[in-house]
Enquirer: 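Submitted below is the structure of interest, expressed as C-alpha cells.
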There are 2 protein chains.
Amino acid sequence: MREVHLTSFVSAKMVAERAGVSRSAVSRTFTDGASVSEETRRKVLEAADALGYHVNHLARQLRERSNIVCLIVSDVTTPIRAGMLDILTRKLQAVGKITVVLNTEGDEESVGRAMKLTLHYRADATVVLSGTPSSSLVKTALANGQEVILINRDDRLSGSENVAVDNAMAAREALFLLRRAGCERIALVTSSARTPSLVARERQFVDAGLRDGVAVSVVEAGPTAYRSGFDVARRLFARSNPPDGVFCVTDLLALGFMDAARHEFGLRIPQDLCVVGFDNIEQAGWESYQLTTFEQPLERMAGHVVDLLTRSEPVEGGNDGDAAVFEPVPVWRKSVRPLPGI
Amino acid sequence: MREVHLTSFVSAKMVAERAGVSRSAVSRTFTDGASVSEETRRKVLEAADALGYHVNHLARQLRERSNIVCLIVSDVTTPIRAGMLDILTRKLQAVGKITVVLNTEGDEESVGRAMKLTLHYRADATVVLSGTPSSSLVKTALANGQEVILINRDDRLSGSENVAVDNAMAAREALFLLRRAGCERIALVTSSARTPSLVARERQFVDAGLRDGVAVSVVEAGPTAYRSGFDVARRLFARSNPPDGVFCVTDLLALGFMDAARHEFGLRIPQDLCVVGFDNIEQAGWESYQLTTFEQPLERMAGHVVDLLTRSEPVEGGNDGDAAVFEPVPVWRKSVRPLPGI
DNA sequence: TTGAAAGCGGTACCAA
DNA sequence: TTGGTACCGCTTTCAA
C-alpha cells in the first residue's frame, strides 16, 4: 500500500484504471463465486491495495439488502440495556450485519423519529429495546419489507415479532421466596416508567399474592434507577408498618433500596428485610449486595433475534404469532433468608 | 396512509408514478430549498404518505457524505464505556449523524476488521474508544477522506485527531489526597489491559511519588473489572505490610478492592484504608461505596468530538497537532480521610 | 474469462 | 417550475 491523500473514497473505477482492467473485473474480484482469472484477480487486488480500496457496501445495497440493523434504545447507561446492546451488536456482527444505535428518550415522538431513520437508512430490521413505536409506523416498516422485533414490550403490535421474558414466572417465584422466608409484610417496588414488562411483573406479583391470600402493598418509585429505589426505601421505613419483604421490579431499584435500608436505617439483610430483584445485572453480584434475583437470559434472547433475522424466508408481511418467551433463571444469593425464622 | 404489503422499499419512482409527476419533482419535494409548486408538492407528499415512502439516504450518499459515524469500542457493558456511547450517540444524532457501533475485542485483529467495516460503509468518521488501530489502517482511512478520532488513547497516530483526559493531573492529585490523609504505604492498582491511558495514569502516579520521595508499590490486577479489584485486595491484605492508601486506575477496580477490604478483612474505609478511583462511574456514588474519584468530563469530550466532525472545513489529510485534553474533575466523597490522623 | 451496458435510488444540471 | 438526462459506485446480464 503506498499512495495516500485523496480526501475522498476510492472507487472501483479508479482501481480498474490502475489495474488496466474493466470495472466489471474489479467487481467480480470482490464478489465470491464470480469467475475471474488468477491473473486479473492479482492485478486487481494489487491495485486495490495500493489505492486502499474498499467495496462500497452502501452502493451495493441498491440492489440487495443493506445488512443494517437499527437498535432503538433508551437509557443506554443502564447495565441491563448496555448488556443487551453488547450481546446484540456482537451477535449481529458475527452474521455480517452492522448495528446502528438509535438513542431515544423512550417517548413516542422520539421513538417515531428513530423509526423514520431506520427507514431512511434502509435497515433490514428494526429491533426495539425500549419505548413503543406507534402501530402505524410499524405498519409502514413492515410494508417496506423491514422486520420489526420488539424486545420485552409485551404489547403485541400486529406484524411485529416479539421476544420477551416470562414475567409471570419470576413474579410467582419471587413471592414464593419471600413467603418461604417468613416475610409477613410484603411490598412491591415498581418504577414510574410504566413499560409493559414492568407492569406485567407488578401485576403478576400482586395477583400471585391475591391467590395466596397475602396483601401486597404496591409502591411506586421514580424512574428505573438506583436513586429511586433509595428514595422509596427512605420513605417506607420512615413510616409505621414498613415491609419486611420486598420485590423490586428491577435490580437497580433493589440495590438502591438495600443501601437506604442498611445505611439509613441500620436494617440487616436478610435478617430484618428480604429483597428480591430482577435482571441480574453485574452489580447484583457485588459483595456489598449479593442480591437474590432473576436473570434475563440475554444471550439466548439475542440469539433468537439473530435467528429471526437470518432465517432464509422472512414471514411475508410480518408475524402475528406469539412472542418467543424465555424463562428468567433464578439467581440465589444472600438477600433472602433461606428458611423461615432464621 | 393506506396500502401495505410491498415487502420491499418504496422508491421515488413509485411515488412519482402515483403522483403523476416526474422523479425529479419527487426529489425536489424532499430537498429543502428546491423549487416546487405548492400543487406538485402536495401531490407528491400525498402519494409518498400513501405509499409509506422515505428517502433512501444510502443512495443519497453516492453523491454526498453518508452521515454515518462508526464507533469502535470494546467492553460496552462497562459503565464508563456505556456512558461514552450514550452521550456520543445522542450528540451525533442531534447533528443529523447516525452511529454504527462496532463491538470489538480490543485486540489488533478485531479492531482492524472494524476499521475495514467503517470503510466499507463509507463512514464520514471513525471514533475509536478502545483498542488501537494499526497505523496503516488509519492512513488508509484518512486517505479515503475519513476522519479518525481517538479517545483516550495517548499514542499519537499521525493524522488522527485525539481527545483525552489529563491523566497526569489526576495522578498527581490522587497522590496528594492520599498523602494528606496520612497514608504511609501507598499502592497503585492497575489493570492487565495496558491501554495507553491506564499506563499513563500508572506512570504519572509513580513519578509523582518519586518526586515526593514516597515509594509506590505497583500491583497489577487482572482485566479492568470489579472482580480484578476484589481479587487483588484479597492478595494484598493476606500479606504482611499491606497498603493503607490505594489509587486504582479505574473505579471498577476500586469498587472491587473496597468490597474485599471491607467484607473479607473487616477494614474500615477511610479509617483503616483510603481509596481513590478514576472515572466517576455511577456506582462510585452509591451509598455502599462513596468513592472519592476523578470524573471524566464525558459531556465535554463528546461535545468536542462533534465539533471536530461538524466544522465546515476538515483539515486536509488529517490532523497532526496536539490532542485536545480535558481536565478530570475531582469528586470528593468518603473513601479518603479529609485530614491526617482522623 | 472478459468488457460493454443497463439498472439500482437518488440529485443536479439543463433546456423548455 | 418542470421533465429529461447524466452520473454517483456497484452488480449483473449479455455477447463476444
Side-chain angles (χ1 to χ4, degrees), chain A residues 6-45 47-48 51-68 117-124 144-146, chain B residues 6-45 47-48 51-68 119-124 144-146:
Chain A
L6 338 180
T7 22
S8 113
F9 282 97
V10 0
S11 67
K13 189 176 161 205
M14 298 163 71
V15 177
E17 274 161 15
R18 179 177 182 114
V21 299
S22 71
R23 272 165 44 117
S24 325
V26 177
S27 178
R28 281 195 280 263
T29 306
F30 291 103
T31 48
D32 351 277
S35 75
V36 215
S37 69
E38 252 333 296
E39 170 63 1
T40 349
R41 159 178 237 88
R42 198 191 46 69
K43 282 193 291 186
V44 169
L45 287 178
L51 260 27
Y53 170 72
H54 292 77
V55 177
N56 184 339
H57 283 201
L58 299 184
R60 186 179 263 176
Q61 69 77 48
L62 288 187
R63 323 183 116 279
E64 355 171 7
R65 347 186 51 203
S66 66
N67 282 328
I68 293 176
L117 276 179
T118 77
L119 263 9
H120 284 304
Y121 281 92
R122 294 302 189 254
D124 294 345
N144 277 281
Q146 198 177 71
Chain B
L6 338 179
T7 20
S8 115
F9 283 96
V10 0
S11 68
K13 189 175 160 207
M14 297 164 70
V15 175
E17 275 163 14
R18 179 175 182 113
V21 299
S22 71
R23 262 162 48 104
S24 325
V26 177
S27 179
R28 279 188 217 109
T29 305
F30 291 101
T31 49
D32 356 273
S35 78
V36 215
S37 70
E38 253 332 297
E39 170 63 2
T40 352
R41 162 179 234 88
R42 198 192 46 70
K43 281 193 291 188
V44 169
L45 287 178
L51 260 27
Y53 170 73
H54 291 77
V55 177
N56 184 340
H57 284 201
L58 299 184
R60 194 180 255 177
Q61 68 77 43
L62 290 187
R63 311 177 79 54
E64 358 171 2
R65 348 185 51 205
S66 65
N67 282 327
I68 293 177
L119 263 8
H120 283 304
Y121 282 91
R122 292 305 189 253
D124 294 345
N144 277 280
Q146 198 177 70

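Each chain gets a letter, A, B and so on, in the order the sequences are listed, and its residues count up from 1.
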Enquirer: Using a heavy-atom cut-off of 4.0 Å across all strands, would you classify A:Ser27 as base, sugar-phosphate, or nothing?
Expert: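 Base, at least one base atom sits under 4.0 Å.
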Enquirer: Side-chain contact test, heavy atoms from C-beta onward, threshold under 4.5 Å: evaluate it for B:Phe9 versus A:Gln146 and give yes or no.
Expert: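 A side-chain contact under 4.5 Å exists here.
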Enquirer: Angle between the two end axes of the helix from C:dT1-D:dA16 to C:dA16-D:dT1, five base pairs per end, rounded to 10 degrees?
Expert: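 End axes: 50° apart.
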Enquirer: Can you find a heavy atom in the side chain of B:Gln61 that is under 4.5 Å from one in the side chain of A:Asn56?
Expert: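 Sidechains of A:Asn56 and B:Gln61: in contact.
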Enquirer: With a 3.5 Å distance limit and no angle check, can you tell me whether A:Thr31 reaches the backbone of A:Ser27 through a side-chain donor-acceptor pair?
Expert: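 Indeed, once roles are kept as given, a pair shorter than 3.5 Å links the two residues.
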Enquirer: Which part of the nucleic acid, if any, lies within contact of A:His120, taking any heavy atom under 4.0 Å across all strands shown: a base, the sugar-phosphate backbone alone, or nothing?
Expert: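 The answer is nothing, as A:His120 stays clear of every strand by at least 4.0 Å.
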Enquirer: Side chains of A:Tyr53 and A:Val44, heavy atoms from C-beta outward: is any pair under 4.5 Å?
Expert: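 Answer no - side chains too far apart.
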Enquirer: Between D:dT11 atom P and A:His57 atom NE2, what is the distance in whole Å?
Expert: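 Rounded to whole Å, this separation is 8 Å.
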Enquirer: Does A:Arg60 reach a base, just sugar-phosphate, or nothing at all? Heavy atoms under 4.0 Å.
Expert: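 Sugar-phosphate contact only.
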Enquirer: Pick one: which of A:Val26, A:Val36, A:Val21 meets side-chain contact (heavy atoms from CB on, under 4.5 Å) with A:Arg41?
Expert: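 Testing A:Arg41 for a side-chain contact (heavy atoms from CB on, under 4.5 Å) against A:Val26, A:Val36, A:Val21 leaves exactly one candidate, A:Val36.
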Enquirer: Could you tell me how far apart A:Asn56 (CG) and D:dG9 (C1') are, to the nearest whole angstrom?
Expert: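 In whole Å, D:dG9 C1' and A:Asn56 CG are 6 Å from each other.
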Enquirer: Could you tell me whether the side chain of B:His54 reaches within less than 4.5 Å of the side chain of A:Arg122, counting heavy atoms only?
Expert: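 With C-beta onward as the side chain, the pair touches.
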Enquirer: For B:Asp124, is there any backbone N or O sitting under 3.5 Å from a side-chain donor or acceptor partner on B:Asn67?
Expert: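 Side chain of B:Asn67 to backbone of B:Asp124, a donor-acceptor pair under 3.5 Å: no, none is there.
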Enquirer: Between N or O atoms, less than 3.5 Å apart, protein on one side and nucleotides 1-5 of chain D on the other: list the pairs.
Expert:
from	atom 1	to	atom 2	distance (Å)
D:dT1	OP2	B:Ser35	OG	3.2
D:dT2	OP1	B:Ser37	OG	2.8
D:dT2	OP1	B:Thr40	OG1	2.5
D:dT2	OP2	B:Ser37	N	3.0
D:dT2	OP2	B:Thr40	OG1	2.9
D:dG3	OP2	B:Ser22	N	3.4
D:dG3	OP2	B:Ser22	OG	3.1
D:dG3	N7	B:Arg28	NH2	2.7
D:dG3	O6	B:Arg28	NH2	2.8
D:dG4	N7	B:Ser24	OG	3.3
D:dG4	O6	B:Ser24	OG	3.2

Enquirer: Just the endpoints, please: which first and last nucleotides of DNA chain C, 5' to 3', lie under 4.0 Å from a heavy atom of chain B?
Expert: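 The contact span of chain B on DNA chain C goes from C:dG9 to C:dC13.
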Enquirer: Report yes if at least one side-chain N or O of A:Tyr53 is closer than 4.0 Å to OP1 or OP2 of D:dC10; otherwise report no.
Expert: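 So the side-chain polar atoms of A:Tyr53 do come within 4.0 Å of the phosphate oxygens OP1 or OP2 of D:dC10, strictly under.
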Enquirer: Taking the side chain as every heavy atom from C-beta outward, state whether B:Lys13 and B:Glu17 have any atom pair closer than 4.5 Å.
Expert: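 A side-chain contact exists here, since the closest heavy-atom pair is under 4.5 Å.
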Enquirer: Measure CG/A:Leu62 against C1'/D:dC7 and give the value in whole Å, please.
Expert: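 Spelled out: CG on A:Leu62 to C1' on D:dC7 is 13 Å.
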Enquirer: Could you work out, with salt bridge (charged side-chain N to carboxylate O under 4.0 Å, His left out) as the rule, every residue matching B:Glu39, not counting sequence neighbours?
Expert: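 Counting only residues at least two positions away or on another chain, B:Glu39 forms a salt bridge (charged side-chain N to carboxylate O under 4.0 Å, His left out) with B:Arg42.
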Enquirer: Please enumerate all residues that pass side chain to side chain donor-acceptor pair (under 3.5 Å) together with A:Ser37, with sequence neighbours excluded.
Expert: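 Side chain to side chain donor-acceptor pair (under 3.5 Å) check on A:Ser37 returns A:Thr40.
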Enquirer: What is the distance, to the nearest angstrom, from the CZ atom on A:Phe30 to the P atom on D:dG9?
Expert: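 It is 16 Å, rounded to the nearest whole Å.
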Enquirer: Mind checking what makes side chain to side chain donor-acceptor pair (under 3.5 Å) contact with B:Thr29, not counting sequence neighbours?
Expert: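 If we apply the side chain to side chain donor-acceptor pair (under 3.5 Å) test to B:Thr29, skipping adjacent residues, there are no hits.
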